[in-house]
Amino acid sequence: MDDKFKGRLAIIGLGYIGLPTAVVLATRGVDVVGVDVNPETVAAVTRGEVPFVEPDLAVAVSGAVAMGRLTATSETPEADAYIIAVPTPFNGDHTADLSYVKTAARQIAPRLRPGNIVVLESTSPPGTTESIGRWIGEMRPDLKMPHDGETGADIFIAHCPERVLPGRIMIEMLTNDRVVGGLTPRCAERAASIYRVFAQGEILLTDAASAEMAKLVENAYRDVNIAFANELSLVSESLHIDVWEVIRLANRHPRVNILNPGPGVGGHCIPVDPWFIVSAAPALSPLMRTAREVNDRRPHHVAEQVVAKAARFRSPTVACLGLTFKANVDDIRESPAIEVVGLIAKALPEVEILVSDPFVSTLPPLLSGYSNLRLESAHHAVENADIVVLLVEHEPFKSLRHTRLGGKVTYDTRGAWR
Ligand SMILES: NC(=O)c1ccc[n+]([C@@H]2O[C@H](COP(=O)([O-])OP(=O)(O)OC[C@H]3O[C@@H](n4cnc5c(N)ncnc54)[C@H](O)[C@@H]3O)[C@@H](O)[C@H]2O)c1
């Protein structure tokens, strides 16, 4: 069995996944070069700073940079191993946009030497890791790729999906079990040597396609379960039953664990990854497609409820609390809260809408076109509103119910003020 990886490692993409991975390796003695196409990211990391909010990451980055273990650059260097952690969004037709992964593979290809390891961490549809082997092979016919045969491959290629939770990345990066799927068993072994440097969880070796599919399935499972809760919320609302109470009671059954309804599903993963399965086998995945549709419909439902509440006032002011996709992080990607606010602003152009989020300092571009929207402190927004909508249960918002909400119409989409 291979031991722990030693040598120089390049991480392509210094975002929410790449930078924490770079840091946990660097602080354990690996010589890490972070590569990013965004010059501001490279400059920030070079200064020892983090260009986004993630608990405990800033201290770790400044320490790793100060120790000289972590550097950042825009040029892909020569290294012993490469980790690809670039975005994998979806196209208009919900198929995966693999252009970032392909570009990263092409950046790496000219630098490769026999014995190098290439790990794809980006969430990807089954077959992507194999495509990386093909893309590299096309540029480097001098190197023997894993698909050329098990014996004697020059380059070891594997997929190691990431399943950390934003807000807890620095803990979960160490403690989560890791799935490492190789194009061959030897590829999986070689790639696992990297994760042995820091992983405290178990490292599970498999083939690349199973690893790719396992990651997608994890998020599809979450999405279907959230859709169930959201559908329950709709049904309960129509029957004038408190969905939170129903879920609380049902969850006392020893084998029932219903998730919480909310204003929709956001972030980089859960609203995206199930589509990679649905687009790979459309005729065979009606449940996952429907779950996506149920969850995508949620922001519209929430906005419609707010519009109905506003109709009770002659000239109401609405406060919307929260813009990020989940509590206590600054990540606004695919945020249903932003969609809700945009839908309300569009439906009620004459109504003043005060938006507040302790993690967001400027209105996101998607909302900048509405003249009836203003970013405010929570205190000011709530003080001046007739209707208060809780969209994200950030810690500072939770306590508002004790002090400031008296006499106002409230709409708690997260069940945080119950
Ligand atoms: N954020 C999460 O919580 C999370 C969790 C699990 C899996 N993932 C997956 O991990 C992957 C990365 O996600 P993320 O959240 O870190 O994305 P991100 O957008 O935060 O970071 C990606 C980084 O890659 C850089 N980049 C893009 N193309 C590049 C290239 N050719 N060379 C160098 N840098 C390049 C971007 O500038 C950006 O800084 C995605 O596939 C995502 O689905 C993310």
Side-chain angles (χ1 to χ4, degrees), residues 10-24 32-46 49-55 57 61 71-77 79 82-90 96-111 118-125 128-129 132 135-136 159-173 176-179 211-212 214-220 222-223 265-277 324-335:
I11 298 201
I12 318 299
L14 290 175
Y16 286 88
I17 296 304
L19 188 52
T21 307
V23 159
V24 295
V32 180
V33 185
V35 183
D36 206 288
V37 285
N38 183 340
E40 285 168 22
T41 299
V42 171
V45 175
T46 302
E49 292 167 10
V50 179
F52 50 89
V53 173
E54 177 61 36
L57 181 59
V61 168
T71 56
T73 169
S74 53
E75 295 295 322
T76 306
Y82 297 84
I83 291 178
I84 299 173
V86 295
T88 43
F90 57 63
D97 172 1
L98 295 178
S99 59
Y100 297 90
V101 174
K102 192 169 186 179
T103 304
R106 288 184 165 160
Q107 283 165 221
I108 293 169
R111 307 275 177 238
V118 178
V119 180
L120 173 67
E121 281 209 12
S122 305
T123 306
S124 303
T128 309
T129 311
I132 288 179
W135 293 327
I136 292 174
H159 179 52
C160 180
E162 186 53 76
R163 40 169 60 143
V164 287
L165 187 70
R168 281 178 49 83
I169 291 180
M170 295 307 285
I171 298 165
E172 293 202 354
M173 181 132 311
N176 285 353
D177 292 342
R178 298 301 295 241
V179 174
E212 289 160 339
K215 165 69 193 177
L216 302 180
V217 164
E218 288 161 17
N219 282 335
R222 303 267 306 152
D223 200 45
V265 174
H268 204 345
C269 295
I270 298 180
V272 177
D273 302 352
W275 285 121
F276 294 175
I277 301 178
T324 59
F325 90 86
K326 65 186 283 270
N328 306 319
V329 298
D330 71 338
D331 194 341
I332 58 169
R333 289 176 297 181
E334 314 287 331
S335 172

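Just follow the structure's listing: the first ligand is 1, and inside any ligand the first atom is 1. One is the number of the first residue; the rest follow in order along the sequence. Predicted model only: the values in this text are computed from it and were never measured.
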Quiz item: Can you list the atoms of ligand 1 that are under 4.0 Å from a heavy atom of I12?
Solution: 32 (N), 33 (C)

Quiz item: Which atoms of ligand 1 are found less than 4.0 Å from any heavy atom of T103?
Solution: 31 (N)

Quiz item: How far is atom 19 (O) of ligand 1 from its nearest protein heavy atom, and which residue and atom is that?
Solution: R333 NH1, 3.4 Å

Exercise. Step through the shown structure and confirm whether more than 12 heavy atoms of other residues, nucleotides or ligands are within 6.0 Å of CZ on F52.
Key: yes

Practice problem: Could you check atom 10 (O) of ligand 1 against the protein and tell me its nearest heavy-atom contact, residue, atom and distance included? | Solution: I17 CG1, 3.5 Å

Quiz item: Hey, which atoms in ligand 1 end up nearer than 4.0 Å to a heavy atom of V35?
Solution: 33 (C), 34 (N)

Self-check item: Close-contact set for ligand 1 against G13 heavy atoms, below 4.0 Å
Solution: 23 (C), 24 (O), 25 (C), 33 (C), 34 (N)

Practice problem: Using a 4.0 Å heavy-atom cut-off, say whether S124 meets ligand 1 through its side chain, its backbone, both or neither. | Solution: neither

Practice problem: For V217, enumerate each residue passing the side-chain contact (heavy atoms from CB on, under 4.5 Å) test, keeping only those at least two apart in sequence or located in another chain. | Solution: M213, I277

What pairs of donor and acceptor atoms, side-chain ones from residues 82-89 against any protein atom, are under 3.5 angstrom apart with sequence neighbours left out?
from	atom 1	to	atom 2	distance (Å)
Y82	OH	P77	O	3.0
Y82	OH	A79	N	3.0
T88	OG1	T123	O	2.6

Practice problem: Show which atoms of ligand 1 fall inside a sub-4.0 Å distance from at least one heavy-atom site of P166. | Solution: 3 (O)

Exercise. Inspect the surroundings of CZ in R222 and state if more than 12 heavy atoms from other residues, nucleotides or ligands are less than 6.0 Å away.
Key: no

Quiz item: Of all the non-hydrogen atoms in the protein, which one sits nearest to atom 35 (C) of ligand 1, and at what distance?
Solution: V37 CG2, 3.6 Å

Quiz prompt | Check: D36 N/O within less than 3.5 Å of ligand 1 N/O | solution = yes

Quiz item: Numbering the atoms of ligand 1 from 1, which are under 4.0 Å from a heavy atom of S122?
Solution: 11 (C), 41 (O)

Self-check item: Atoms in ligand 1 with a heavy atom of Y100 nearer than 4.0 Å
Solution: 27 (C), 28 (N)

